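One structure below.
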Amino acid sequence: MNPLDAQNIIAKRIARELRPGMLVNLGIGIPTLVANYVPNNMGVYFQSENGLIGTGPVPDEGMAHPTLTDAGGRPVSALPGACTFDSAMSFGLIRGGHVDVTVLGGLQVDAQGRLANWMIPGKTVPGMGGAMDLVTGAKRVIVAMQHTAKGKPKIVPTCTLPLTAAKPVNLVVTEMAVIEFRGGRAILLETAPEVSVAEVLAATPISLEVNDHVPKMAL
Amino acid sequence: MNPLDAQNIIAKRIARELRPGMLVNLGIGIPTLVANYVPNNMGVYFQSENGLIGTGPVPDEGMAHPTLTDAGGRPVSALPGACTFDSAMSFGLIRGGHVDVTVLGGLQVDAQGRLANWMIPGKTVPGMGGAMDLVTGAKRVIVAMQHTAKGKPKIVPTCTLPLTAAKPVNLVVTEMAVIEFRGGRAILLETAPEVSVAEVLAATPISLEVNDHVPKMAL
Amino acid sequence: MQAISVEEAIDMIPHGASLMIGGFMGVGTPERLIDELVRQGKRNLVVIANDAATPGRGIGKLIAAGLVAKVVASHIGLNPEAQRQMIAGKIGVDLVPQGTLIERIRAGGFGLGGVLTATGLGTVAEEGKRRIEVAGKSYLVEIALRSEFALVHAFLADQIGNLSYALTARNYNPVIAMAADTVIATAEHIVPVGVIAPDHVITPAPVVDYLVRNT
Amino acid sequence: MQAISVEEAIDMIPHGASLMIGGFMGVGTPERLIDELVRQGKRNLVVIANDAATPGRGIGKLIAAGLVAKVVASHIGLNPEAQRQMIAGKIGVDLVPQGTLIERIRAGGFGLGGVLTATGLGTVAEEGKRRIEVAGKSYLVEIALRSEFALVHAFLADQIGNLSYALTARNYNPVIAMAADTVIATAEHIVPVGVIAPDHVITPAPVVDYLVRNT
């Protein structure tokens with residue numbers, strides 16, 4: 001499957017986890033795509049950790065203001081009902097459990113559901129930014145990542161990369177499967193339409209619980 | 001001396017400690033009177049701990065709004081350049097050392113300058129309110145109190161009432177004297193115009209340092 | 001956010017519930033919610049608030065009606081009825097320094113386990129608390145405080161629940177709105193979405209669970 | 001508050017000073033102060049900020065000019081020059097989770113010794129830190145952070161130094177304005193006293209030491 005298709009399957013499936021009234025924080029990369037599959041009128045609030053709830057589309061040429069940007073510093077607009085706040089409040093929302101769902105990219109997830117997504121030692125040291133806060137504080141953490149990288153599994157018995165948090169994530173969505181982590185167990189909830197349970201098991205070198213019937217992802 | 005005269009001497013003397021640009025918090029009782037001796041155009045900021053800097057006079061009849069009050073819930077107005085904030089910010093200003101001077105009433109002050117001003121056991125339990133925060137956090141703490149109560153000294157070797165803070169206050173101003181506490185020492189800085197050093201010493205049963213020349217309070 | 005009537009709002013609150021209530025000497029307190037608590041006779045309440053207000057005002061009404069089992073506050077000195085009930089053993093009172101109280105509530109709402117403060121060191125406020133040294137200075141470990149419900153009063157609410165407050169009626173309101181499982185808000189004025197500028201929203205809509213309809 | 005020129009403002013800052021600088025990826029950073037730091041060549045600076053911005057923008061200019069000895073930030077990933085200098089050992093980097101960084105700064109400004117947070121537990125961010133149990137849960141003790149100077153950029157300043165911020169350019173600015181010995185502010189617009197409504201002032205005038213004149 002080409003990577004773009006994979007990313008859109010992941011984003012589309014994660015969008016189905018969101019409900020009206022939820023406060024949602026999307027990380028960079030695949031998570032950003034999730035917003036494309038959430039109708040504007042659905043009543044989901046997106047938080048940008050630089051201090052905004054209610055990010056609107058990129059403004060028309062000549063209509064941007066330098067004081068309204070996304071977390072990467074790129075111009076955005078604000079939807080009606082948007083609000084802005086300082087960084088202490090922004091992370092209060094994240095750490096205080098007010099963010100209902102965060103969707104984050106992943107480098108590795110271990111058998112207990114623990115995420116590594118901020119550092120490849122000896123390669124890049126970008127810093128953890130808000131990732132540790134999001135995984136620790138958000139009510140529900142969903143990892144959006146491709147199932148494998150260069151043919152190697154990203155769901156692994158033990159992370160070789162530094163952890164983002166000791167607290168496990170709730171859900172991992174890849175282009176092959178939806179896997180839930182609950183009470184130390186890893187449960188295969190769904191497979192992608194064209195993917196068999198056997199294929200998922202072969203690409204997932206951890207102990208994965210499989211029910212008698214594993215439904216296909218609804219996309 | 002009648003109590004009103006005493007209170008006004010204390011307030012007037014304390015007003016001389018204030019400088020333009022200072023952020024000042026006045027407690028209830030005698031401290032409130034200090035504002036009467038500070039010219040409006042002097043540039044002193046008064047903080048009210050319910051969330052206001054820039055308290056103005058009591059509004060004319062029919063001009064008050066129920067959302068603008070002093071810390072006792074009484075209507076006030078706001079001066080040009082006033083600002084309002086929540087209680088976390090209000091106490092951030094107090095505890096973070098942004099309040100340059102606080103003036104508080106006192107029940108007792110001990111030989112080290114430690115204040116008791118919030119509770120008479122078995123009598124009233126009003127609660128400490130913001131007093132513990134003010135004594136602990138403000139840059140400079142001035143106690144405004146009468147020298148004696150019913151003939152008994154209020155500056156005592158050891159407080160019999162519960163302390164407001166372990167941290168000593170900086171200055172005690174009474175209708176008889178100005179006493180500074182510094183590095184565990186108590187120093188008689190000034191006496192009131194009609195009061196002799198001997199009279200102060202007689203009414204102050206702690207070890208008080210007295211310089212060769214003790215000036216009179218300038219009022 | 002769900003819009004509900006004041007009766008429905010209070011009907012959700014069980015006897016014995018813990019309530020954070022906005023206001024400072026009654027200024028900024030949601031009086032309609034208080035009145036309805038009294039009307040419905042919700043008993044054994046644990047009230048966390050700055051103060052006990054005065055008789056006949058705000059939390060003072062709950063105390064006068066005998067509905068409060070415990071108050072966590074920084075002072076109750078201007079409410080003689082609260083003092084009488086405390087001395088009679090009818091009401092428990094936890095006195096907390098005001099700055100410590102608001103920081104403990106904020107910690108509860110901001111996901112912190114607590115804060116380190118010098119306020120209260122060497123006083124009765126230190127009793128039962130841990131001391132910790134940081135950079136050679138002593139601090140008390142003051143732990144986070146949360147409640148089941150927050151009763152918040154705003155000046156403006158928009159129709160999706162963004163809140164802004166007026167002047168000194170702000171006080172505890174935006175802080176408690178972060179620190180309760182269920183947040184119920186009333187507002188002087190409910191206005192269309194967009195009327196409150198993004199920079200002037202103090203409590204973001206997603207943290208408000210219920211907005212009480214105006215009548 | 002004292003009104004001064006940008007040259008006078010930066011002239012106060014010694015080589016080796018610790019600076020908290022507002023901004024998030026350069027948005028809301030006081031660029032005039034940054035440019036003047038570069039012009040006056042203030043060296044060995046310790047910069048505490050959310051991030052290292054990008055080359056040519058905000059803190060990125062200080063790094064490119066080789067003026068920074070150490071950065072305390074939550075990420076430097078979008079500034080390759082910062083990463084190069086770090087790998088070459090020319091610049092020290094303390095990486096702090098973003099929520100922890102802003103709470104540590106807030107604690108410094110609000111008189112707290114620190115806060116208890118679960119962020120970083122069981123990760124490299126725990127190294128060298130104390131763990132404490134509260135109500136059966138583990139937390140890290142994260143200690144307060146202060147600096148000698150805060151460089152703040154506001155949208156509006158009034159003539160006595162009350163500040164308000166615009167949209168996402170607010171970010172760290174009001175928090176660092178509380179946490180430094182000396183606070184230097186610039187503003188897009190300096191307006192008469194009273195133009196900023198009391199409810200819209202975010203940083204009260206008395207905490208601002210210097211307001212830089214506009215030209």
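Just so we're clear, the structure is a prediction, and the values are computed from it rather than from any experiment. The basis for the numbers below is simple: all heavy atoms, side chains too, and nothing from hydrogens, waters or symmetry mates.
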- line: Whatever's closer than 4.5 Å to a heavy atom in chain C on E103(D) counts as side chain

- request: Count the heavy-atom pairs under 4.5 Å between each of D199(D), I202(D), V134(D) and chain C, then report the option with the highest count.
  value: D199(D)

query: Can you say whether A166(D) sits under 4.5 Å from chain C via the side chain, the backbone, both, or neither, judging by heavy atoms?
result: both

field: S164(D) and H200(D): side chain donor to acceptor below 3.5 Å
entry: no

Intermediate values then yes/no, side chain to side chain donor-acceptor pair (under 3.5 Å), H153(C) and E188(C): CA-CA 8 Å; H153(C) 186 63; E188(C) 294 291 320; 2.7 Å; yes

- request: Report yes or no: do E142(D) and T117(D) form a side-chain donor-acceptor pair below 3.5 Å?
  value: no

- line: Between L67(C) and the options I34(C), L62(C), V47(C), the side chain to side chain contact (heavy atoms under 4.5 Å, CB included) test singles out L62(C)

query: Of the backbone (N, CA, C, O) and the side chain (C-beta and beyond), which part of Y165(D) lies under 4.5 Å from a heavy atom of chain C, both, or neither?
result: backbone

